[in-house]
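Order of appearance sets the numbers: ligands from 1, and atoms from 1 within every ligand. Residue numbers count from 1 along this sequence.
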Amino acid sequence: MTSLMTPSGGARTVRGPGPLTDADSFVPRHIGPRPHDVEAMARYLGYDSLDALIDAVVPETIRFRRPLALGRGRSEIEALRSFRQVAGRNQIFRSFIGLGYYACLTPPVIQRNILENPAWYTAYTPYQAEIAQGRLEALLNFQTMVIDLTGLPVANASLLDEATAAAEAMGVAWNTRGTHERNIFFVSRDCHPQTIEVLRTRAKAHGILVVVGDHRAFAFGPTVFGALVQYPASDGAVPDFGTLRAALDASVTPMGGAASEATGAAGRDARHAAETPILVVAADLLSLTLLKPPGEWGADIAVGSTQRFGVPLGYGGPHAAYFSCREELTRQMPGRIIGVSRDADGRPALRMALQTREQHIRREKATSNVCTAQVLLAVMASMYAVWHGPAGLRRIAERIHRLAVAFAEGVHRLGYVVTHDVYFDTVRVELGRRKLSELLREARAQTINVRVLADDDGPPAVSVSIQETTTLRDMADLFAVFNGGLPAPFTPDQLADEVGAEIPEPVARRSAYLTHPVFNRYQSETEMLRYIRRLESRDLSLTTSMIPLGSCTMKLNATAEMLPITWRDLSRIHPFAPREQTDGYSILFERLEHALAEITGLPAVSLQPNAGSQGEYAGLLVIRRHHESRGEGRTRTVCLIPQSAHGTNPASAVMAGLRVVVVKTDARGNVDLADLRAKASLHGSELAALMITYPSTHGVFEEGIREVCDIVHAAGGQVYLDGANMNAMVGLCRPGDIGADVCHLNLHKTFCIPHGGGGPGMGPIAVAAHLAPYLPGHPLADVGGVEGIGPVSAAPWGSASILPISYMYIDLMGAEGLARATKVAILNANYVARRLETFYPVLYKGTRGLVAHECIIDTRPYKASAGVEVEDIAKRLMDYGFHAPTVSFPVAGTLMVEPTESESKEELDRFCDAMIAIREEIREIEEGRADRQHNLLKRAPHTLEQVVSSGWDRPYTREQAAFPAPWTRLHKFWPSVARIDSAFGDRTLVCSCPPTDAYADETVPAGSPRPARAAP
Ligand SMILES: Cc1ncc(COP(=O)(O)O)c(C=O)c1O
């Protein structure tokens, strides 16, 4: 008999493995090397067995020597059957709750060919742009869609959710306008409550004063640096915000004094504009097909969710948020921007633009800590716009609006007061003498959820949000709810015929949108399917070859783990549906929290943060709250961070209001203990926390980790362990046992959520018992600790609908399988390191000459010997059919390789063979047998077009260029563009689809591409 993870944390007994069970174990499906390979590889490394190797790698002082209390693994069929029962405990009501989440229809062509397609969901963030042109184009479409619909000239390629996007916008306003004296951020009380609370959480750490009020009555003065309004308002109203912009402009005195002749009145206006508060608008993108876009009435920034563009509700996410702004704010913009540049042949090519703003480079000076965003969901939303086109989107919006008008007319005839005259999809209904409890009882009887508006002074009210899925039957049922359970004396069709549904003039949209051919060309399924497949074929994903990205853990995302994602029991639930309807999700959360607590050795878990960066931010706020509770909140504000840390660590520390002090690393890549002691003592009473990644970003189990934790604790600080490298720890050692107080887990690394081309992810935090009371809460759900920090995500459980992936992984693997996966991950990394070390220096190793789950290959010597940069090697690997390892992190000029346990020995050997062959190509340059400029590396990657071109004039053969290894003849992956010039595109940013003639010419005209443009 064995145990499974159970809600109570206790053990549920089940029948153990026997001849009639376990027909097919999942563990060997997940783990790449076959058992005989594992033995051979261990022997190659000089050890009798895998366990002997692991004993040599993992310091005994931190070793966890019992099996995890997670029970045995299951077969795929068994686990799916069991989880189906859990999911079936959810009840699917028709939710008309709104609040930024709307039921919508995922076009089947998008569901099957993107959401359920590993070629799309297993790709990584497009760092290697030449083999990522497909998703880059889809993201450029996303940006164009956002730019057109919001009427602002620049957009990014997604953020995490609407509420955090609003908080990021407040951050931009603060960075550009805020000061200690000017520290008020006004928030309209008509914003969604979760957005208001996420802003409050974010504001507190910076001393920003969030004032929530009525924008019509508020006296904007010189202490206001920005304002946020919701459009349409949370309760449905569509106000004319024209006067708000004027009020904000008037709140700062125009700069007086004699303007110099050179600047004159125009200069004064520009300076005045640079002083005026930033107006942020949280706008519903679909409504903007009918409503005047924020860019046309004075918004500086627009944010919002693209969920209703074909992405399921999924109990809160993942969904892509958007962010667009005026050009002046471009360099302050958070998140990634896709831009147009050119390749070595002068053809248009896409890549991530302005990367120098990112936390990877700017650390504590970054514009934001956002790293993983919501790429897959942004791709889906953009494809929804491509599929429907401007006319189709307008049709969907008009139908919704018409139904909303019919609904308002119907409830009016039934004797209710409809509060607002102008609305898009959400109708606020005052209940008058009708009892709320009765209405809700009728709603329950009809399996309908409406939103109850908690208004302090006014009469009880509810709102009903009409959505794409709403049918005439739904309308009839809604009327019955408002008619005491009886059918209404009219039909929705009659009402729709009788009332007009025109949006009135001051707020009606008159400008065109989505005029680019891409939004007008692919509306037959044949064309759409081919478009999706064409883009897909330009991207290298795990379906082609291993992606050995260190610190990113590109392991198998098994089909059985992914299947539940589109189950209706999980995908059709509104995040604010009453808890009694979501038993299935509750069981999932409880079991997953229990499992993660057991794996980390930290007893309390919050599933709210929806990326690793957000886990860091949440964990640090929890630590701050802990110090506050001891009366040390104001003094303990220093965060120690080793030099080698990932850039999100310092960026998150700053977001949490902490001051970053860097700790040195020694020659072996370990934290320099002497420097740590000195800094801990220097900042003693100011020390809030140390952030440390374990095993270190140098890929080594530092022996001194316990001492590190002791030093920090002795100075009164807390230890934050960045769990991005948890794949080296599961089942072998636990953060809590080592001395960590908080740890985040990237479920999109260790726990199998696919990277989706740069998101979604999940970054839950696990904390020690003394920090449990401070876990994040939420205004609309009973979650978090008793004295919890405010919410850090829009939804109470973050991106809940992808948690089944991690749940399934843990259930499939069981305690033994999880530990074996960790061991093989370590074995694979050491195997690669050993095979390559005679060709390339391996930078950091532990005391026994071994690495953890990743290794750093030093390519710096070849710059001097052959003029070869690390980038050249990365690009040449594409010709061999591989995605490069992580480039220049944590050490510039190196490659960090993380093979994971899922790669077979054959694949590891292929990769090593490619690296070794490239080393020989470098040697040819070193020995003068190849030219220092015109060689296989400098001119990589090679496109099909180049190779077949009749003008081939390179001093190496076409065959050497394109078919450098035997396997490339069996399956050749062609980069779709040649080497991309990033700097060129950054000089003049183009972040929306260029006109098609740019492609027709096939070259970017000299001079530069079209600059960021206004909406047509
Ligand atoms: C060491 C480390 N910490 C933190 C992060 C940030 O996680 P996320 O991208 O989920 O925000 C990463 C991401 O790659 C990482 O490698």
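Under a 3.5 Å cut-off, the side chain of Asn175 and the backbone N or O of Gly171 do form a donor-acceptor pair.
Here Phe889 and His646 bring their ring centres to under 6.0 angstrom of each other.
Asp858 meets the side-chain contact (heavy atoms from CB on, under 4.5 Å) test with Pro841, Leu843, Arg860, Pro861, Thr894; sequence neighbours excluded. For the side-chain contact (heavy atoms from CB on, under 4.5 Å) test, residues two or more places apart in sequence or in another chain that qualify with Ser382 are Ala138, Asn141, Phe142.
A salt bridge is defined here as a Lys NZ or Arg NE, NH1 or NH2 lying under 4.0 Å from an Asp or Glu carboxylate O, and Glu168 with Arg202 meets this definition.
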Check residues 795-802 and write down every donor-acceptor pair under 3.5 Å in which the side-chain atom is one partner and the other belongs to a residue at least two apart or another chain.
residue, atom, partner, partner atom, Å
Ser801, OG, Gly317, O, 2.6

Between the protein and ligand 1, which nitrogen or oxygen pairs come in under 3.5 Å, and how far apart is each?
residue, atom, partner, partner atom, Å
ligand 1, 3 (N), Asp722, OD1, 3.3
ligand 1, 3 (N), Asp722, OD2, 2.5
ligand 1, 7 (O), Asn746, ND2, 3.1
ligand 1, 9 (O), Thr372, N, 3.1
ligand 1, 9 (O), Thr372, OG1, 2.6
ligand 1, 10 (O), Thr372, OG1, 3.3
ligand 1, 10 (O), Gly612, N, 2.7
ligand 1, 10 (O), Asn746, ND2, 3.2
ligand 1, 10 (O), His748, NE2, 2.7
ligand 1, 11 (O), Gly612, N, 3.3
ligand 1, 11 (O), Ser613, N, 2.8
ligand 1, 11 (O), Ser613, OG, 3.4
ligand 1, 14 (O), Lys749, NZ, 2.7
ligand 1, 16 (O), Ser551, O, 3.2
ligand 1, 16 (O), Ser551, OG, 2.5
ligand 1, 16 (O), Lys749, NZ, 3.0

